[in-house]
Each structure stands twice: as C-alpha cells, then as structure tokens.
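The shown structure was predicted, so the numbers you read here are calculated from the model rather than taken from an experiment.
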Amino acid sequence: MIRPWRVGVLTDTSSVTEVRDVIGDLSCVWGGRYMPIFDVGAPTDELERLGRQYDVDSLYADAHDGPVGELLRKPGWMWRGGGSWGPFGEEEGIRMGLLPVRSFIDVSTDFVQPTWNRDDPADLVLAAIWGLGDRLGQPLSPTLDDAGPRAAPYSQILARSDMNRSTIGALEATTLHVRTNPRGHLDGYAGVYVIRPEQSADVVEFWNMRIYGTRIIGVPSEGAEELLSFLLSSPLASTEIRRGGGEGPTQQVVRVWGLEAMPLSLN
C-alpha cells in the first residue's frame with residue numbers, strides 16, 4: 001500500500017504565528033491535512049501517547065534540546081534530519097522530505113487556492129480551513145475563468161456557484177489520491193466547529209479532530225454572512241442518536257463544538 005508518511009509536528013500551540021507557520025508547512029505536502037499538530041511544551045510521555053493515538057510515523061520539531069530533543073532522537077519517533085533536510089525542506093528546487101502536493105497538480109487539475117489579506121481577522125481560521133498556498137511551488141493563474149490551477153481572493157470564489165466541484169484550497173489538494181479507512185468509533189466527531197480566530201488552541205483542536213477524514217466543518221465565530229453561507233453550503237454531517245435509554249426513536253443531530261458545545265436537532 002502506498003500512503004503518505006504521517007508526521008506529528010511539534011510547535012508552540014499558544015502562538016498564532018507558529019501555528020500558522022506549521023499550517024503553511026502541512027499545506028504543501030501530500031497527506032498534510034492528516035498530520036496532527038502537538039504542543040512542544042507538553043511532557044514527553046504525553047507526546048509519546050499522542051503519537052500512538054494519532055498513528056504518526058515520526059515526530060518532528062525544527063530544533064530542540066533537552067527531553068524533547070531526546071524524544072525526537074528515539075527510534076520510532078525520529079525523523080532523520082533537520083532544517084533543509086527536514087520533512088518540509090527544499091534546497092535549490094530539490095525536495096528533501098515529504099512528497100510535495102504539487103506533484104499531483106498540473107495544468108489539467110481543477111484546483112483553486114483562495115487568497116486573503118494576512119491582516120484579515122479570520123486569517124488563522126481560513127488557513128486551517130483552506131491551507132496556505134505560499135509554499136506550493138506551483139504557478140497559479142490569477143483568473144478564475146482559466147483552466148487548471150488558479151488563485152483568487154476568496155470573495156470572488158464565494159460568488160461563483162460553479163466552484164463547488166473544484167478542489168478548493170491547498171489542504172484539500174493534500175488529500176488527492178488518499179482514501180481514508182473508516183473508523184466507526186469516530187462517527188460522533190462530525191459536525192461544525194465554531195473557531196475563535198484569536199485562539200490558536202481552537203484552531204489546533206479543530207485541526208486534530210479532522211485528521212482521520214471525519215467530516216467537521218470549521219467556521220469562524222465572527223465573519224461575513226457570505227463566508228459562513230459558503231462554508232456551510234455542503235451537506236452537514238449528522239450523527240444518529242437514540243432517545244429513551246436506547247429504546248426510543250432515533251434522531252439526527254449536528255454536533256457543534258466551540259462556542260456552543262451541544263447537539264442541534266435537524267428539522
């Protein structure tokens with residue numbers, strides 16, 4: 001079986017800048033959406049537990065000494081090499097680490113990368129939803145009417161009804177040619193996550209909840225109505241629950257995490 005090598009990336013999850021930088025790294029490699037983000041400040045035994053829980057093939061941080069550095073050198077967790085030789089390294093156009101997602105994007109690929117201003121209040125949320133195209137290393141046409149890979153401000157993409165069949169965003173592109181194994185015990189992790197844009201911890205939790213391919217839609221807690229309508233335009237993933245101690249009628253619910261962590265009934 002050919003599949004992406006899965007790396008658990010260690011970073012300061014309280015830092016918006018560092019979390020955004022990791023998302024940029026994961027946006028440009030095959031399978032990046034399925035690679036978790038862990039807090040580098042967590043105890044090493046907790047990092048090992050998370051590594052087993054998320055089935056990663058190795059752990060990686062740019063540079064660390066002490067207990068974390070020792071963990072990253074242990075068999076079973078080690079990525080051999082750092083810097084330009086790390087999983088996201090590239091030197092003079094030669095890829096040193098993981099397979100770049102641009103390997104699956106050519107002139108025939110219906111790929112659209114949404115763009116926005118870095119100072120957009122929802123910047124980190126949009127990065128977690130669509131990924132960042134800065135490091136794709138792939139030329140993108142600035143015109144939506146062109147065929148093949150292209151980029152445009154997300155406001156233009158929201159206004160186009162014909163975009164729903166396109167591969168939208170670098171993160172979606174990282175899942176090309178990947179078929180996730182069904183995990184019945186995670187069926188409850190489906191629904192909507194309301195993300196506070198200023199809280200990097202929200203973004204990391206949302207990111208890690210969907211890495212097994214579970215259908216969780218992220219929406220910013222504050223945003224334009226057009227953006228929310230676009231993000232929620234796909235059929236919402238629901239969970240079937242049974243009332244009355246397992247003997248009553250079933251009901252479909254959409255679970256919501258974030259501001260209101262409670263199930264909503266579907267009418």
Side-chain angles (χ1 to χ4, degrees), residues 3-91 94-101 123-125 127-128 131-132 134-135 171 174 178 180-181 183 185-186 189 193 195-214 216 218 257-258:
R3 67 166 179 83
W5 184 269
R6 300 185 73 230
V7 175
V9 184
L10 278 56
T11 192
D12 179 0
T13 56
S14 67
S15 168
V16 169
T17 301
E18 292 198 23
V19 170
R20 190 182 195 277
D21 193 51
V22 170
I23 289 175
D25 286 336
L26 295 174
S27 299
C28 68
V29 296
W30 186 39
R33 180 176 168 179
Y34 304 122
M35 301 183 193
I37 301 173
F38 301 144
D39 185 11
V40 72
T44 55
D45 57 347
E46 173 68 4
L47 292 174
E48 289 196 83
R49 185 192 68 79
L50 289 170
R52 291 189 293 270
Q53 176 182 332
Y54 287 95
D55 298 328
V56 300
D57 298 302
S58 60
L59 297 172
Y60 180 78
D62 281 338
H64 271 281
D65 297 322
V68 171
E70 293 178 11
L71 171 63
L72 297 179
R73 290 188 290 271
K74 288 180 62 174
W77 302 121
M78 179 172 57
W79 174 275
R80 295 181 182 274
S84 61
W85 296 93
F88 313 108
E90 192 158 0
E91 191 172 278
I94 300 175
R95 193 73 182 188
M96 304 297 184
L98 299 171
L99 185 66
V101 70
D123 171 62
L124 191 61
V125 178
L132 298 169
D134 309 359
R135 306 172 200 176
L171 275 185
T174 70
V178 177
T180 58
N181 289 328
R183 289 175 168 85
H185 65 287
L186 295 175
Y189 285 97
Y193 195 115
I195 310 168
R196 295 168 293 181
E198 73 283 1
Q199 295 293 327
S200 57
D202 282 12
V203 171
V204 171
E205 183 175 50
F206 161 69
W207 182 282
N208 288 343
M209 285 177 70
R210 66 176 180 177
I211 66 166
Y212 285 117
T214 45
I216 299 179
W257 289 267

(request) Could you please spell out the steps behind the side-chain contact (heavy atoms from CB on, under 4.5 Å) verdict for Val29 and Leu99? (result) CA-CA 6 Å; Val29 296; Leu99 185 66; over 6 Å; no
Closest approach of [X] to [Y] (non-hydrogen atoms, all atoms of both residues):
| X | Y | result |
| --- | --- | --- |
| Val203 | Ile195 | CG2-CG2, 3.7 Å |
| Val178 | Tyr34 | CG1-CE1, 3.6 Å |
| Thr174 | Arg33 | OG1-N, 3.2 Å |
| Ser58 | Trp5 | OG-NE1, 3.1 Å |
| Leu171 | Ala128 | CD1-O, 3.1 Å |
| Leu47 | Ala42 | CD1-O, 3.8 Å |

(message) What verdict does the side-chain contact (heavy atoms from CB on, under 4.5 Å) test give for Val56 and Met35, after you've listed the backbone C-alpha separation in whole Å, the side-chain angles of each residue and the deciding distance to 0.1 Å?
(response) CA-CA 8 Å; Val56 300; Met35 301 183 193; over 6 Å; no
Working to the nearest 0.5 angstrom, can you tell me the gap between [X] [atom1] and [Y] [atom2]?
| X | Y | atom1 | atom2 | result |
| --- | --- | --- | --- | --- |
| Arg210 | Tyr193 | CZ | OH | 12.0 Å |
| Leu50 | Asp55 | CG | CG | 12.0 Å |
| Glu48 | Leu71 | CD | CG | 5.0 Å |
| Ile23 | Ser200 | CD1 | OG | 9.5 Å |
| Trp77 | Leu59 | CH2 | CG | 5.5 Å |
| Thr214 | Asn208 | OG1 | CG | 10.5 Å |

Under a 4.5 Å cut-off applied to non-hydrogen side-chain atoms, are [X] and [Y] in contact?
| X | Y | answer |
| --- | --- | --- |
| Tyr54 | Phe38 | yes |
| Leu10 | Asp39 | no |
| Leu124 | Pro197 | no |
| Arg20 | Thr17 | no |
| Leu26 | Ile37 | yes |
| Phe88 | Val9 | yes |
| Pro36 | Arg6 | yes |
| Thr180 | Tyr212 | no |

(message) Quick one, Tyr60 with Leu72, criterion side-chain contact (heavy atoms from CB on, under 4.5 Å). Give me CA distance, side-chain angles, the key distance, then yes/no.
(response) CA-CA 7 Å; Tyr60 180 78; Leu72 297 179; 5.8 Å; no
(request) Could you please spell out the steps behind the side-chain contact (heavy atoms from CB on, under 4.5 Å) verdict for Val7 and Leu98? (result) CA-CA 9 Å; Val7 175; Leu98 299 171; 4.1 Å; yes
(message) Check this for me, if you would: do Arg49 and Glu46 make a salt bridge, where the nitrogen-to-carboxylate-oxygen distance has to be below 4.0 angstrom?
(response) yes
(request) State whether the number of non-hydrogen atoms from other residues, nucleotides or ligands found under 6.0 Å of Asp65 atom CG is greater than 12. (result) no
